[in-house]
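Written out below as structure tokens is the structure these notes cover.
Each chain gets a letter, A, B and so on, in the order its sequence line appears, and its residues count up from 1. All values below were derived from every heavy atom in this structure, side-chain atoms included, with hydrogens, water molecules and symmetry-related copies excluded.
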Protein chains: 2
Amino acid sequence: MVSSKDVAKHAGVSQTTVSRVMNTPDLVKKPTVDKVMASIDELNYIPNGHARSLVQNKTNTIALLSGPLHNPFFVDTTTAIVNYANDKGYRVNVQFVNDQKLNEAYTSAVENKVDGIIMSCILIDDPIFEKFERMDLPFITYNRKHKMNKHFVEIDNFEAGYLSAKHMLDLGHTRIAWVGGPLTVSTFNNRYEGFLHAMKDHHHQLLEEYVIHTDTSKHDITSAFKRMMSLEQSPTAFCAATDSIAMNLIDDASKENLIVPQDVSVIGIDNVDLSSHGLIQLTTVGSISEQNLGYLAICELIKMIENKKNSCVKITESVKVFNRNTTKAIQ
Amino acid sequence: MVSSKDVAKHAGVSQTTVSRVMNTPDLVKKPTVDKVMASIDELNYIPNGHARSLVQNKTNTIALLSGPLHNPFFVDTTTAIVNYANDKGYRVNVQFVNDQKLNEAYTSAVENKVDGIIMSCILIDDPIFEKFERMDLPFITYNRKHKMNKHFVEIDNFEAGYLSAKHMLDLGHTRIAWVGGPLTVSTFNNRYEGFLHAMKDHHHQLLEEYVIHTDTSKHDITSAFKRMMSLEQSPTAFCAATDSIAMNLIDDASKENLIVPQDVSVIGIDNVDLSSHGLIQLTTVGSISEQNLGYLAICELIKMIENKKNSCVKITESVKVFNRNTTKAIQ
DNA sequence: CAAAGAAATGAATACGTAACCATTGAAGAG
DNA sequence: CTCTTCAATGGTTACGTATTCATTTCTTTG
């Protein structure tokens, strides 16, 4: 492996000068620069990023701990995050984390001395939160948040759940189901709370069988759908906690030869890019500004890294219903 | 920052012993291990991956240069690649590369001294290919391949294009269009060749206006679609070079109030996960084994890294038509 | 023309780890 | 009891860079 010392020898200068040519060429006389550059080309020299990181204590790398891409929400956020970070000169280490392998992911990120961590996957009372704070390692969560209520970007999840239920109630539905996720996650928790609150505000009694908190796996969602549809009084409307769940439900419905929205109405939350696709046209609740949460978060994270400002980020985007073709008034 | 030297001092041993406790604890007496571990816990010591990489010349990091995630093909492959690599103990640096920023992506990967590179985005006669070979840096391409015809995993693209056209011909279509991508990319090139060959084999004359090689952007595909549909004799069947293009075409059609497959038939290539979704049911051509190309590629890459075997990987998966609901016989 | 200051370069060092070689002490063989 | 072997540990160095400080050379100015 050819190092800056090799280049120095070849060019007849000191290693220091080679380093200067790479980083602060203004401090080096023109002919020297040319000489060194020639040697660099000839020897095919490529600086070693690890050596640099070691001495500078800066890696230009960010760890992204994302949810799985089969959820289109994470497709949108991952794209936004990686592209913005790359534009700003940061590499991104991506991991798709299920809640089990979380600790493994944390340590991998920390060992690698990343400059910052951006993640969706954090539990409400995850102990890692304090660790990061103690380590003075910039980090931010998007979509989910920690009970400490700091360093997050989210949509107004309570309001989203509320609007979701209200939309169905306004359409005259009375048999309204909730298909959500684990309540240990702030997102699902708050959306469900909003849903409940809307039902209560409209003096609407909620059947216990109409509420299922899945583990968000396709399999679990399908079995939830089947269980509800086999009830004597099956739901006519499904409020899904995410667009991903909504799309799974619609898939399930179509495989049972049910037509959406004629037979059942489905509404999601997130307003994922895919939801506006011609074939899908999912009615959903999403940010009014239509700003990508991942984008908002990575902007803030990079600000934190570069300004070293400790200002505490708390962003909650307002939401509205995007009325498309998967919900319909009951006749 | 607390280093192994600090731990050593705190535990009253040498730095060497601390290193041994971390890596080869069998060589250290039990009480010593315990003492050191206690210090590690107390001081909150975390080893520095860069220092390790520097001395070992091994980073446990792989660079993934993927196409953009709005193409569902790359959603599937990225998931497979990242998860498998993580399972095997490798971190993955992901970049979503457009063909312009390719060189930037290369150098970022090389500077970071990754253990290997896995990429989709390579042009047929990309000079980077030889560079990697000269550097003795393990790498593999998936989906696309280089003219050197080495280190790749692909489906039988020629056959895929052939079957795509044949499918439409068998359904009785005569006005068959091709919507593809840049011919500088092996994938598009070979698929188009296959398409042409099928047309020729069936003595079918191809109209020039029925062939458009887009830049694969949504905008470009839409304008291609509009251009063709405004022809006096517009196509009744679209062979799309990828599922992503096919789904865009279907989206365009629906926005012009055309019904697929009643008004126009559309077939894709890739058999992306999303294509079997209940709402989409895209007819497409894909690998018979239904193995994810990204998975196949990352397996091979890690073998190359760990065995240091120079065996030249060439995998071409056979294909078949997955007949779903977006194509229909002409009456 | 001398003094002072600025520009250009080099020598030495630190970053944190793993690996190599050296040393110590204990156990076993003859 | 001595010699050999082995287990356990420590001292030192290398990895490749950026940085600090020192030195040399050039330029400016009174």
Side-chain angles (χ1 to χ4, degrees), chain A residues 1-37 39-40 43-61 89 91 107-108 110-115 135 137, chain B residues 1-37 39-40 43-61 89 91 107-108 110-115 135 137:
Chain A
M1 165 154 316
V2 36
S3 73
S4 57
K5 279 180 190 167
D6 301 326
V7 175
K9 195 172 294 175
H10 186 270
V13 298
S14 72
Q15 181 267 329
T16 308
T17 298
V18 176
S19 176
R20 271 194 276 260
V21 169
M22 301 295 292
N23 301 300
T24 53
D26 294 346
L27 299 180
V28 183
K29 265 207 293 192
K30 189 79 188 300
T32 314
V33 173
D34 294 342
K35 203 168 46 175
V36 171
M37 289 304 280
S39 295
I40 286 176
L43 299 183
N44 246 308
Y45 166 67
I46 295 167
N48 184 318
H50 296 285
R52 185 190 300 138
S53 297
L54 189 57
V55 62
Q56 290 191 320
N57 208 25
K58 165 96 165 111
T59 61
N60 290 309
T61 302
R91 279 175 293 276
T107 57
S108 160
V110 175
E111 275 196 17
N112 221 29
K113 303 291 176 213
V114 294
D115 294 338
M135 294 179 63
L137 177 60
Chain B
M1 166 151 318
V2 35
S3 73
S4 56
K5 280 181 189 168
D6 301 326
V7 175
K9 195 173 295 175
H10 185 271
V13 298
S14 71
Q15 182 268 329
T16 307
T17 298
V18 175
S19 176
R20 270 194 276 259
V21 168
M22 301 294 293
N23 300 300
T24 51
D26 293 347
L27 300 180
V28 183
K29 262 208 295 193
K30 190 78 187 301
T32 314
V33 173
D34 294 343
K35 203 168 46 176
V36 172
M37 289 304 280
S39 296
I40 287 178
L43 298 183
N44 246 308
Y45 166 67
I46 295 167
N48 184 318
H50 296 286
R52 185 189 299 139
S53 297
L54 189 58
V55 62
Q56 290 191 321
N57 208 26
K58 166 95 165 111
T59 61
N60 290 309
T61 302
R91 279 175 293 276
T107 57
S108 160
V110 175
E111 274 196 18
N112 221 28
K113 304 292 175 209
V114 293
D115 293 339
M135 294 178 63
L137 177 60

With the sugar-phosphate defined as primed atoms, P, OP1 and OP2, and the base as all remaining atoms, what B/S/- string results for nucleotides 15-21 of chain D, 5' to 3', for protein heavy atoms under 4.0 Å? BBBBBB-
Send over the distance from A:K29 NZ to C:dA6 C1', rounded to a whole Å. 13 Å
B:N60 CG to C:dT17 P, in whole Å, measures 16 Å
B:K35 atom NZ: more than 12 heavy-atom contacts under 6.0 Å: yes
Could you tell me whether B:S53 contacts a base, only the sugar-phosphate backbone, or nothing, with contacts defined as non-hydrogen atoms closer than 4.0 Å? nothing
For A:R91 and A:T59 the tightest heavy-atom approach is NH2-O, 3.2 Å
Please answer whether the main-chain N or O of A:N112 pairs with a side-chain N or O of B:H50 as donor and acceptor at a distance below 3.5 Å. yes
Between P of D:dT23 and CG of A:L27, the distance in whole Å: 20 Å
Looking at every non-hydrogen atom in both residues, tell me the closest pair between A:V2 and A:Y45 and how far apart they are. O-CD1, 3.5 Å
Any idea which heavy atoms bring B:V33 and B:P25 closest together, and the distance? CG2-O, 4.1 Å
For residues B:V114 and B:L137, report the shortest heavy-atom separation together with the two atoms involved. O-CD1, 3.5 Å
Tell me the interatomic distance from B:K113, atom NZ, to C:dT17, atom P, rounded to whole angstroms. 21 Å
With a cut-off of less than 4.0 Å, is there a side-chain N or O of A:T17 near OP1 or OP2 of C:dA8? no
